[in-house]
Amino acid sequence: MSAALILAVFLLFAALMYARLIPAILAVPVMAIVMALCAGVPANSLGAIVTNGASALSPAYVAVIFGALLGRVTLDTGIARALVNLAAEYGGESPFAFSLVLCAIVALLFTSLNGLGAIIMVGSIVLPIMMTTGVPRTIAAPLFLMAFALGFIFNIANWTFYTTLFHVSEQELIRYAIVLAVIDTVALLLFAVIAFAREREYAAWAAGQRSQERGVPWWSLVTPLLPIVLYFALHIPATPAFALSAIYGVLATRPRKAIATLVASAIRGVEDVAPAVVLFIGIGMLLVATAQPQFEAALHPLVSGGWLRNPLAYVAIFGLLSPLVLYRGPLNPFGVGIAIFTALLSAHALPPLALVAAVMAVVQVQNVCDPTNTQNVWVANFTGVPITAITKRTLPFQVAVAVAATIVVVLAPQRVLAQGVPAGMESPPSAAYHIAVDDDGTPLGRAAADAIAQQLRTDPRLTIFRFRGDPDASDCSRKRYAAYVKASTSTFVLVEGTDLDVGLVLEDCGGWIVNEWHDHEIEAGDPRTDARALGQQGAVRMQAWLAAAPAVSEGLFTRGVAFSPSSAPSYFYSLFKTADGDMRIYVRAGGPAYAAGLRTGDIVEQIDGKPWWMYGTFPTQAMAYDGKPHAFQIRRGGATLDVQLVSPFDMSSAQSPQSRR
């Protein structure tokens, strides 16, 4: 019922935005509140959704604001015009070749520029120059938008949004972004070749002499490229990279008016991106709302089963159906579509990198083809080309880009869509229903373990054998048991006599604790007899618990993983603070965290680029259970290592136990 209400709210707001009756900047935060109520989130939690959501994406929109500052500096100081004039000066006499040179300049500029103001300023320079050199307006308008979208792939303000919302690393994004840019470049070239071959109409603009005056020092021309170098090469965060580049730009062009230029650029820059900032605040509210446990539980039936991880479904939805991004449609990440992407993220329906790749793929269609884009409206009006004509001309090429980009994800050697079951996570099929029983090496422990083994043998499904070893010492790939039980004993001297405690710990094949039971009594006679009785008592309680949790026990006995399809995805590691003040890691052998490179005993230095103590002890420890692919800097044996988590284990879309028999 809750899922149906959420879908109804989504469809209502989608229709309102599609009809342009309500803007996205208002629809998204309202939708966050209404969806939360429909999911069953208590009313007293709505204030936290608004408050925490408003700041949830603060790194993203602060980067956008500083990016707009740099954009205004680039435009107001004449750097952008100088770059275009430089291209015009050496562009040659071929309209085809010259248009491609200008496209390269536009793409370069929009790696750091943002907002409609930047579109208008750059377009006001580039489009007339294109058309006065013989490029038909029906080609110039689409090429300009395609070049803008190409550069926007590497816009680091967007990257801050991706890394903040989806918790993916820059290293993961850069490989995909380069491939996407190559695909986008091929599409732009194909469009230009086909369009120039078919077009015979030349622009009606009067040809005029191109300005040979650049007006700014040559060394200032690197300003738009500078934040890219600082961000990717020197790993300086986006906000200071933008700020340093803006300062460099004004000092290189207007050193005597540097302060006035920076102040004016900051004010106009905020005006340029104010709608985007408000939208980011709304998206943050939606993100916090969809992260509520009630919301996740309501949507789980819709995204469970792993059907979205099917390669054909992934390509079909985010590639072939990418036109659903148009008109603020259901896949538009700058409209109602953000609800879909945040819900998919919260429900772990797709790995974060696959989800970001899907967003970047559909954005290539949205940025170029959507008639509701402000940049499309302005370009159409400025060039005199009907806005629907731009959509019709570019849509086949940009959809092809989205399809090719999703196919790259499906075929990636890193298996981005893979379920995240690393080799060694599960016990081999031959180990199904085999249980190893261990002890603490004491006479009483051995007596208790013998009694536990005897009691467990009453279950005809199980094969029980005595064992000595540590399941956490190696992964599960060659284990001959699916579950491990250890008996330990301790004694305490009380007034009434000596109290004997027998503990029974149930672990999976990788040493991850499933549950434990303790029974104790005052010794009445032979301690070994008492230990056997207590051990048998603990084993009976373990059997009762397993019978009450059939899905968990089935996963444990058949696969060596105490998980059910309804269990939350997990990386199988925990964080704990030791007496020396260090934050250390406990890792399940063979699990996703183990496969990524974490090991038990590693000392945590940083998480997601920040020292762990900046988060606080308890928030840091909670990160181990949030299902997000955190990046760790750890210390091991005097060496400092970087570890990036990939995909968590999720049994809801993993191979069924029956198919392994």
Side-chain angles (χ1 to χ4, degrees), residues 3-4 6-7 10-11 14-15 17-18 149 153 162 166 168 172-173 175-177 179-184 186-187 190 290 299-371 391-392 394-420 569 647 650 652-656:
I6 292 171
L7 284 176
F10 167 78
L11 293 173
M17 282 192 280
Y18 180 85
I153 293 173
Y162 295 144
F166 296 101
V168 296
E172 290 177 297
L173 274 180
R175 292 192 294 268
Y176 177 74
V179 174
L180 180 59
V182 171
I183 296 171
D184 217 20
V186 171
L190 286 175
T290 56
L299 288 180
H300 189 271
L302 299 178
V303 297
S304 62
W307 63 274
L308 273 175
R309 295 176 186 258
N310 182 284
L312 292 179
Y314 185 82
V315 174
I317 292 174
F318 301 113
L320 294 173
L321 296 182
S322 57
L324 292 176
V325 77
L326 303 180
Y327 297 100
R328 305 293 167 181
L331 287 183
N332 193 316
F334 302 106
V336 73
I338 193 61
I340 290 179
F341 289 111
T342 50
L344 293 177
L345 176 68
S346 298
H348 306 283
L350 284 170
L353 182 58
L355 205 50
V356 173
V359 171
M360 295 176 74
V362 299
V363 161
Q364 293 310 302
V365 179
Q366 192 268 336
N367 273 342
V368 178
C369 309
D370 192 349
T391 299
K392 291 177 181 178
T394 57
L395 189 59
F397 294 91
Q398 296 306 111
V399 170
V401 169
V403 171
T406 53
I407 290 175
V408 166
V409 174
V410 168
L411 299 180
Q414 295 87 359
R415 297 176 69 240
V416 176
L417 283 179
Q419 173 46 47
S647 297
D650 182 0
S652 66
S653 55
Q655 182 185 10
S656 65

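In this text the structure is predicted, and so the values were computed from the model without any measurement.
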Quick check against the 3.5 Å criterion: does T391 have a side-chain atom that pairs as donor or acceptor with the backbone of C369?
yes
side-chain contact (heavy atoms from CB on, under 4.5 Å) evaluation trace for V365 with L331
CA-CA 10 Å; V365 179; L331 287 183; over 6 Å; no
Rounded distance (nearest 0.5 Å) linking atom OH of Y314 with atom CG of L355:
7.5 Å
Closest heavy-atom contact between Q398 and Q364?
NE2-O, 2.9 Å
Are V403 and L320 side-chain neighbours, meaning at least one heavy-atom pair lies under 4.5 Å?
yes
Do V401 and V368 make a side-chain contact, defined as non-hydrogen atoms from C-beta onward lying under 4.5 Å apart?
no
Which atom names give the shortest non-hydrogen contact between V399 and G319, and what distance separates them?
CG1-O, 3.9 Å
For the residue pair A177 and M360, what are the closest heavy atoms and their distance?
CB-CE, 4.2 Å
Partner set under side-chain contact (heavy atoms from CB on, under 4.5 Å) for A361, not counting sequence neighbours:
Y176, A402, A405, T406
Of all residues at least two apart in sequence or in a different chain, which pass the side-chain contact (heavy atoms from CB on, under 4.5 Å) check with A400?
none
